[in-house]
Amino acid sequence: MKFKIAIAADHAGFQMKESLKSYLQGQGYEVLDFGCSSEEKCDYPDFAEKAAKAVSEGKADRGVLVCGTGIGMCMSANKVKKVRAAVLRSFDDARLSREHNNANIACLGARVSAVHQAQSLLETFLKTSFEGGRHGPRVQKVDSLLK
Ligand code: RB5
């Protein structure tokens with residue numbers, strides 16, 4: 001079965017979402033697009049919620065959220081149970097958010113990262129495994145903060 005990725009953006013992230021969606025499809029991933037569908041102004045929590053719930057409910061294996069900075073999307077997604085969203089600005093963010101935090105949603109900023117950078121951050125994020133071990137109980141504690 002294909003690895004499924006839930007993707008969403010607000011108006012600021014719309015163009016980057018479209019590029020990342022094509023990239024991911026080209027890599028063989030199944031992409032579930034939760035909007036938005038144009039550059040018309042909209043509110044990022046509405047779209048973060050939809051994609052984050054798909055990850056939380058197991059309908060998607062990972063999520064990708066894009067807004068201007070990635071920050072608003074990340075704050076919103078982390079309000080949803082079982083979601084561990086991380087803003088990715090550097091290679092180390094992409095790698096360590098997976099290895100140590102078992103992040104399941106990557107948040108990217110279309111106003112702060114170029115598309116090719118976002119694409120390579122995403123590639124690292126998707127190809128890096130959780131290390132487990134000492135990080136396991138810590139991640140469980142993170143999850144238990146949302147009852
Ligand atoms: C929209 O102008 C902008 O505030 C939003 O895309 C995001 O960067 C918020 O975190």
Side-chain angles (χ1 to χ4, degrees), residues 1-130 138-147:
M1 220 164 55
K2 273 192 179 180
F3 199 83
K4 289 195 188 112
I5 300 187
I7 197 165
D10 70 352
H11 55 287
F14 172 71
Q15 292 293 351
M16 181 178 273
K17 169 176 74 73
E18 295 301 298
S19 303
L20 294 176
K21 183 176 164 181
S22 304
Y23 162 72
L24 290 168
Q25 287 168 334
Q27 296 292 306
Y29 294 105
E30 181 175 341
V31 180
L32 310 174
D33 189 343
F34 290 91
C36 62
S37 53
S38 75
E39 288 181 295
E40 192 178 324
K41 289 203 186 315
C42 60
D43 299 330
Y44 55 82
D46 298 336
F47 298 93
E49 181 186 12
K50 289 179 193 169
K53 281 190 171 159
V55 173
S56 178
E57 291 163 7
K59 293 176 183 152
D61 301 290
R62 296 269 190 283
V64 179
L65 296 172
V66 193
C67 62
T69 57
I71 295 171
M73 282 294 196
C74 191
M75 292 169 76
S76 306
N78 279 318
K79 301 284 183 190
V80 177
K81 246 182 140 173
K82 294 193 240 170
V83 164
R84 293 175 301 278
V87 175
L88 309 186
R89 294 274 173 92
S90 66
F91 173 77
D92 283 337
D93 291 344
R95 183 176 62 83
L96 291 167
S97 66
R98 289 288 310 130
E99 287 180 349
H100 288 197
N101 312 111
N102 201 11
N104 50 16
I105 297 191
C107 300
L108 297 156
R111 291 177 178 161
V112 294
S113 299
V115 172
H116 72 276
Q117 289 167 329
Q119 193 174 298
S120 72
L121 291 171
L122 196 49
E123 183 184 9
T124 298
F125 182 84
L126 292 170
K127 292 191 172 153
T128 306
S129 301
F130 179 47
R138 294 170 185 162
V139 169
Q140 277 171 17
K141 283 191 182 184
V142 171
D143 285 347
S144 72
L145 291 171
L146 267 188
K147 301 285 179 237

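Remember, it's a predicted structure, so these values are computed and weren't measured experimentally.
Atoms CD and OG, on Gln119 and Ser22 in that order, are 9.5 Å from each other to the nearest 0.5 Å. Rounded to the nearest 0.5 angstrom, Asp43 CG and His11 NE2 are separated by 8.5 Å. In this structure, CG in Leu121 is found 10.5 Å from CG in Asp92, a value given to the nearest 0.5 Å. Here the straight-line distance linking atom CZ of Arg62 with atom CG of Leu24 works out to 12.5 Å at 0.5 Å rounding. Taking CZ of Arg98 as the start and NZ of Lys127 as the end, the distance is 13.5 Å to the nearest 0.5 Å. For the atom pair NZ (Lys50) and CD1 (Ile7), the distance works out to 15.0 Å, reported to the nearest 0.5 Å.
Checking side-chain atoms of Asp61 against main-chain N and O of Lys4 turns up a donor-acceptor pair under 3.5 Å. Without hydrogens or angle criteria, Asn104 side chain to Lys82 main chain gives a donor-acceptor distance under 3.5 Å. Although no hydrogens or angles enter the test, the distance criterion places a donor-acceptor pair under 3.5 Å between the side chain of Ser120 and the main chain of Gln117. Side-chain N or O atoms of Ser97 include one that pairs as donor or acceptor with a backbone N or O of Ala94 at under 3.5 Å. Arg89 places a side-chain N or O within donor-acceptor distance of the main-chain N or O of Thr69, the cut-off being under 3.5 Å. Under a 3.5 Å cut-off, the side chain of Ser56 and the backbone N or O of Ala52 do not form any donor-acceptor pair.
Partner Arg84 forms a side-chain contact (heavy atoms from CB on, under 4.5 Å) with one of Asn102, Val55, Asn101 and no other, that one being Asn102.
Counting heavy atoms from C-beta on, the side chains of Val64 and Phe125 never come closer than 4.5 Å. Put simply, the side chain of Ile105 reaches to within 4.5 Å of the side chain of Leu65, judged on heavy atoms. Side-chain contact check for Val87 versus Asp93: every heavy-atom pair is 4.5 Å or farther apart. No side-chain heavy atom of Thr124 sits under 4.5 Å from any side-chain heavy atom of Leu88. Using a 4.5 Å cut-off on side-chain heavy atoms (C-beta onward), Phe130 and Val139 make contact.
Shown here for Ala51 and Ala6, the closest heavy-atom pair between the two residues is O-CB, 3.9 Å. Of all the heavy atoms in Gly72 and Ser76, the pair that sits closest is O-OG, 2.8 Å. Closest approach of Cys42 to Asp10, counting heavy atoms only: SG-CA, 3.7 Å. Heavy atoms only, all atoms of each residue included: Ala106 and Leu122 are closest at CB-CD1, 4.0 Å. Smallest separation of non-hydrogen atoms from Cys107 and Gly70: CB-O, 3.4 Å. Closest approach of Ala110 and Ala12 over heavy atoms only: CB-O, 3.3 Å.
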task = Decide yes or no on side chain to side chain contact (heavy atoms under 4.5 Å, CB included) for Leu126 and Tyr29, but give the supporting numbers first.
result = CA-CA 10 Å; Leu126 292 170; Tyr29 294 105; 3.6 Å; yes
task = May I have the step-by-step check of side chain to side chain contact (heavy atoms under 4.5 Å, CB included) for Tyr44 and Met75, ending in yes or no?
result = CA-CA 10 Å; Tyr44 55 82; Met75 292 169 76; 5.8 Å; no
key: Audit row: Lys21, Gln25, side chain to side chain contact (heavy atoms under 4.5 Å, CB included) steps and yes/no   = CA-CA 6 Å; Lys21 183 176 164 181; Gln25 287 168 334; 3.9 Å; yes
ask   = Can Phe34 and Phe47 be said to form a side chain to side chain contact (heavy atoms under 4.5 Å, CB included), step by step?
value = CA-CA 7 Å; Phe34 290 91; Phe47 298 93; 5.7 Å; no
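Annotation: salt bridge (charged side-chain N to carboxylate O under 4.0 Å, His left out) contacts of Glu99 (sequence neighbours excluded): Arg95.
Note that Lys17 lies outside the cation-pi zone of Phe14, set by a 6.0 Å cut-off to the ring centre and a 45° limit from the axis.
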